[in-house]
Amino acid sequence: MNRFPLRLPLLLAAALLTACGAPRTAPLEERIEAVAAALDARVGVAILPPEGEPIVREDSLLPMLSVVKFPLALAVLDRAARCGIPLSQPLDVGAEWLDADTYSPLRDSLPAEGGEVSLAGLLRYSTSLSDNIACDRLMAFAGGPAAVEAYVRGLGIDGIRIAATERMMHRDSAAVRANAARPSALCELFGRFLRGGLLPAEHEALLRRLLEGAATGADKLRAGIPPQVTLGHKTGSSDRTPEGIRTAENDAGYVLLPDGRRYCIAVLVIDSREDDAANKAAIARISEAAYEFFTREKR
């Protein structure tokens, strides 16, 4: 009996799947899974590739921490553009803003009674330096957490919840989970920003400089790609719980490939019992896997 005709439909089906690209990202997904499975943590990952369908893992609402400062920056710049407020506009940062128990290079640069800081300056502190007081001052300028979430929803992007300021998170440990996002939604937001048209050209250029000049996270996404490759990103990190668990160690952003293509990536390491080095190394390894996959597939 000749069995070849019976096998032919299966071979054709496999060929069609390959032609349609279904298994094309399998090597990358396997590398991501191996990294995530080795960690005693929840690991949410999303990658929006140069072409094709997004890659997602654990795509649930996960605590953002300071990654929220990216949608905040978009909302602030949108309000400034709509209201005709120049980026040089000074905003008052009085003593009532200068909490002592939070990370803030801005506070350390001001006298005890506070002072005035330009809108562009506050954006630099919040976005590039991840300053918590600058974040809260900008959150007030934007209309509060609900207004920032409404801005994102107005772009047609669901899966991002914003309900807390930095001050609220420092005063109530449960509030660190109030600002949450699906990794895929973060990638979608970065991708929407990259496509242009959300903001005036001057504002888009400023935000790209701030994201691409971020001073935080050298050992996260940045560590997985060559130093000359452009990365625009926003990091996030929580304190540890009394049980020693790191609620979140995050990084999300975009990579501009040498051939002109680009991809967006978000890696959120949640409720980790690992040490900080292991959490950050996992983000770096996933970043490396993505970069190597997208550069090698074009060779």
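Just so you know, these numbers use all the heavy atoms, side chains as well, and skip hydrogens, waters and symmetry mates. Just so you know, residue 1 is the first one in the sequence shown, and it goes up from there. Small disclaimer: the values here were computed from a predicted structure and weren't measured.
- Applying the side-chain hydrogen bond (donor to acceptor under 3.5 Å, both in side chains) rule to pairs touching residues 139-150 yields E149-R153, sequence neighbours excluded.
- Cluster membership for L65 and V68, using ILVMFWY side-chain heavy atoms within less than 4.5 angstrom, is not shared.
- Taking the side chain as every heavy atom from C-beta outward, R240 and D276 approach each other to under 4.5 Å.
- Heavy-atom minimum distance, A178 versus A164: CB-CB, 3.8 Å.
- In summary, of the residues considered (S104, S126, S109), a side-chain hydrogen bond (donor to acceptor under 3.5 Å, both in side chains) with D131 occurs for S104 alone.
- In this structure, P71 and I162 have side chains that are in contact, with non-hydrogen atoms separated by less than 4.5 Å.
- Remark: R273 engages D40, I245 in a side-chain contact (heavy atoms from CB on, under 4.5 Å) (not counting sequence neighbours).
- The backbone N or O of L123 lies less than 3.5 Å from a partner atom in the side chain of T127, making a donor-acceptor pair.
- Here the CZ atom belonging to R209 is positioned 10.0 Å from the OG atom belonging to S128, to the nearest 0.5 angstrom.
- Rounding to the nearest 0.5 Å places CZ of R31 at 13.5 Å from OG1 of T25.
- With sequence neighbours left out, the side-chain contact (heavy atoms from CB on, under 4.5 Å) criterion links V35 to A282, R285, I286.
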Quiz prompt | side chain to side chain donor-acceptor pair (under 3.5 Å) between S272 and E274, intermediate numbers included | solution = CA-CA 5 Å; S272 177; E274 308 287 351; 5.6 Å; no
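- Nearest heavy-atom pair, A95 versus A112, reported as atom, atom and distance to 0.1 Å: CB-O, 3.6 Å.
- When hydrophobic clusters are built by joining Ile, Leu, Val, Met, Phe, Trp and Tyr residues whose side-chain heavy atoms come closer than 4.5 Å, directly or via intermediates, I160 is grouped together with V76.
- Side-chain heavy atoms closer than 4.5 Å link hydrophobic residues (I, L, V, M, F, W, Y) into clusters, and following such links, even through other members, never connects I265 to I157.
- Judged as a ring-ring contact (aromatic ring centres under 6.0 Å, His included), and not counting sequence neighbours, the contacts of F190 are F70.
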Quiz item: I283 and V43: side-chain contact (heavy atoms from CB on, under 4.5 Å), yes or no, with the steps?
Solution: CA-CA 9 Å; I283 296 173; V43 182; over 6 Å; no
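- The two residues A252 and L186 come nearest to each other via the heavy atoms CB-CD1, 4.3 Å.
- Contact annotation: the side chain of P183 never approaches that of V45 to less than 4.5 Å [non-hydrogen atoms, C-beta and beyond].
- Ion pairing between a basic and an acidic side chain is recognised when a charged N comes within 4.0 Å of a carboxylate O; R161 and D158 show such pairing.
- Among pairs with a residue in residues 94-116, none fulfils ring pair (Phe, Tyr, Trp, His ring centres under 6.0 Å), at least two apart in sequence or across chains.
- Side chains of L106 and L122 form a contact here, defined as non-hydrogen atoms less than 4.5 Å apart.
- Identified under the side-chain hydrogen bond (donor to acceptor under 3.5 Å, both in side chains) test for residues 72-88, with sequence neighbours left out: D78-R82.
- Expressed to the nearest 0.5 Å, how far CZ of R246 lies from CG of D239 amounts to 7.0 Å.
- Pairs of residues two or more places apart, or lying in two chains, that qualify as side-chain hydrogen bond (donor to acceptor under 3.5 Å, both in side chains) and include a residue from residues 162-176 are D99-R167, T102-H170.
- Here ring pair (Phe, Tyr, Trp, His ring centres under 6.0 Å) pairs that include residues 137-168, with residues two or more places apart or in two chains, number zero.
- The side-chain contact (heavy atoms from CB on, under 4.5 Å) check on E30 picks up A26, with sequence neighbours excluded.
- N132 and K69 share a side-chain donor-acceptor pair at under 3.5 Å.
- Going from atom CG of N179 over to atom CG of L61 covers 11.5 Å, rounded to the nearest 0.5 Å.
- Criterion: ILVMFWY side-chain heavy atoms under 4.5 Å apart, direct or through other members. Under it, L119 and M139 are part of a common hydrophobic cluster.
- For the side-chain hydrogen bond (donor to acceptor under 3.5 Å, both in side chains) condition, no pair includes a residue of residues 188-203, sequence neighbours left out.
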Contacts table for residues 225-235: side-chain donor-acceptor under 3.5 angstrom, sequence neighbours left out:
from: H233; atom 1: ND1; to: D251; atom 2: OD1; distance (Å): 2.8
from: H233; atom 1: ND1; to: D251; atom 2: OD2; distance (Å): 3.2
from: K234; atom 1: NZ; to: S130; atom 2: OG; distance (Å): 3.0
from: T235; atom 1: OG1; to: T216; atom 2: OG1; distance (Å): 2.8

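- Partners of Y263 under the ring-ring contact (aromatic ring centres under 6.0 Å, His included) rule, at least two apart in sequence or in another chain, are F294.
- The existence of a salt bridge linking R177 and D271 is confirmed by a sub-4.0 Å separation between a basic side-chain nitrogen and an acidic carboxylate oxygen.
- Looking only at distances, a side-chain donor or acceptor of S238 sits under 3.5 Å from a matching main-chain atom of A248.
- With a 4.5 Å cut-off on side-chain heavy atoms, T295 and D259 do not count as touching.
- Considering only heavy atoms from C-beta on, V117 stays 4.5 Å or farther from L91 through its side chain.
- Rounding to the nearest 0.5 Å places OG of S118 at 9.0 Å from CZ of R124.
- In this structure, the side chains of I47 and I32 come closer than 4.5 Å at one or more pairs of heavy atoms.
- Side-chain contact between L268 and V67: absent, with no pair of heavy atoms (C-beta onward) separated by less than 4.5 Å.
- L207 approaches A73 most closely through the heavy-atom pair CD1-CB, 3.8 Å.
- When all heavy atoms of S184 and A46 are compared, the pair lying nearest together is N-CB, 3.3 Å.
- Rounding to the nearest 0.5 Å places OH of Y254 at 3.5 Å from CD of E212.
- There is a path of hydrophobic side-chain contacts, each under 4.5 Å, that joins M64 to F193.
- Closest approach of S237 to K220, counting heavy atoms only: CB-NZ, 4.3 Å.
- Exactly one residue among V56, D59, L48 makes a side-chain contact (heavy atoms from CB on, under 4.5 Å) with C187. That residue is L48.
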